[in-house]
Amino acid sequence: MKIALGNDHAAPELKNIIKQHLIDRGIEVIDFGVQVGEKADYPVQGEKVARAVVSGEADLGIAMCGTGIGISISCNKVKGIRAAVCSDPYSARLCKQHNNANVLCFGARVVGDELAKMIVDEWLDAEFEGGRHQRRIDLMMDIENH
Ligand code: RB5
């Protein structure tokens with residue numbers, strides 16, 4: 001399992017905490033984000049994470065900004081991406097089980113470090129349920145072709 005990480009200047013500290021958490025779980029990380037003191041525009045960081053996922057360089061992506069909103073919208077501009085902003089573990093679990101989200105986003109100014117780790121764990125440990133949800137995902141992804 002390889003996860004692409006991205007963040008703007010609002011989230012380097014949280015990114016580093018999540019990065020270590022993933023490494024502790026035995027997950028390989030590709031870090032496209034910036035470090036403390038560096039400025040970055042979230043669309044640039046979001047696109048890097050999204051392209052790594054659609055190209056197969058990474059299996060999944062986690063992207064962080066101040067709210068998680070700007071970077072998630074940016075990720076979702078890339079064809080094939082289903083990025084979900086989650087501020088709670090329930091949404092994190094369901095966005096995998098029902099929506100098969102391939103990028104998880106959250107805001108460093110919204111969630112605390114421990115909550116962010118729980119959100120990540122719920123998402124990683126959940127499995128896509130398929131069935132009726134696959135039909136809806138097919139409909140959703142077909143919007144990209146219209
Ligand atoms: C940067 O200040 C902030 O706008 C950004 O991190 C994010 O919250 C945007 O959605």
Side-chain angles (χ1 to χ4, degrees), residues 1-128 133 136-146:
M1 163 79 78
K2 206 181 279 186
I3 293 190
L5 283 180
N7 64 281
D8 72 358
H9 52 272
E13 295 90 351
L14 183 57
K15 185 275 303 289
N16 287 333
I17 286 166
I18 297 302
K19 185 175 180 175
Q20 189 56 54
H21 185 62
L22 294 173
I23 291 167
D24 291 346
R25 282 186 58 134
I27 293 169
E28 205 178 320
V29 167
I30 312 169
D31 186 356
F32 291 106
V34 293
Q35 284 302 340
V36 179
E38 291 181 289
K39 281 272 183 194
D41 294 320
Y42 59 78
V44 176
Q45 307 304 312
E47 184 177 4
K48 285 180 184 174
V49 171
R51 298 240 178 259
V53 173
V54 292
S55 71
E57 184 184 358
D59 301 296
L60 295 168
I62 299 179
M64 290 151 267
C65 63
T67 58
I69 296 170
I71 206 158
S72 67
I73 294 172
S74 306
C75 288
N76 277 319
K77 296 292 179 194
V78 175
K79 198 170 182 175
I81 290 297
R82 291 176 302 282
V85 193
C86 295
S87 301
D88 67 275
Y90 177 77
S91 300
R93 187 198 311 164
L94 268 289
C95 83
K96 178 73 86 51
Q97 289 179 336
H98 289 191
N99 315 115
N100 203 13
N102 49 12
V103 177
L104 175 70
C105 302
F106 41 83
R109 297 172 182 160
V110 179
V111 299
D113 301 345
E114 293 306 315
L115 180 56
K117 284 193 253 179
M118 285 177 80
I119 288 168
V120 166
D121 287 342
E122 283 291 329
W123 181 64
L124 287 177
D125 294 340
E127 287 194 15
F128 176 53
H133 302 298
R136 290 163 186 160
I137 286 174
D138 291 344
L139 287 167
M140 187 192 343
M141 300 319 281
D142 196 40
I143 295 169
E144 293 179 337
N145 302 317
H146 298 162

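Count residues from 1 along the sequence. We use all heavy atoms of the structure for the numbers below, so side chains are in, but hydrogens, waters and symmetry mates are not. Each ligand, and each atom within it, is numbered from 1 in the order the structure gives.
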Q. Has Met118 got more than 12 heavy atoms of other residues, nucleotides or ligands less than 6.0 Å from its CE?
A.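 For Met118, atom CE is not crowded (no more than 12 foreign heavy atoms under 6.0 Å).
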(Q) For Ala83, is there any backbone N or O sitting under 3.5 Å from a side-chain donor or acceptor partner on Asn76? (A)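 At least one qualifying donor-acceptor pair exists.
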Q | From Glu127, His98, Glu122, residue fulfilling side chain to side chain donor-acceptor pair (under 3.5 Å) relative to Arg93 | A |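 In the set Glu127, His98, Glu122, the residue that makes a side chain to side chain donor-acceptor pair (under 3.5 Å) with Arg93 is Glu122.
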**Q.** Donor-acceptor pair between Gln20 and Asn16 side chains, under 3.5 angstrom
**A.**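 No, no side-chain donor-acceptor pair sits under 3.5 Å.
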Q.
How long is the straight-line distance from CG of Asn145 back to NZ of Lys79, given to the nearest 0.5 Å?
A.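 Those atoms lie 4.5 Å apart.
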Q) Out of curiosity, Ile62 CD1 to Ile71 CD1, how far, rounded to the nearest 0.5 Å? A)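 One finds 11.5 Å between CD1 of Ile62 and CD1 of Ile71.
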Q.
If the criterion is any heavy atom closer than 4.0 Å to an atom of ligand 1, which residues make the list?
A.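 Shell around ligand 1 (4.0 Å, heavy atoms): Asp8, His9, Ala10, Tyr42, Cys65, Gly66, Thr67, Gly70, Arg109.
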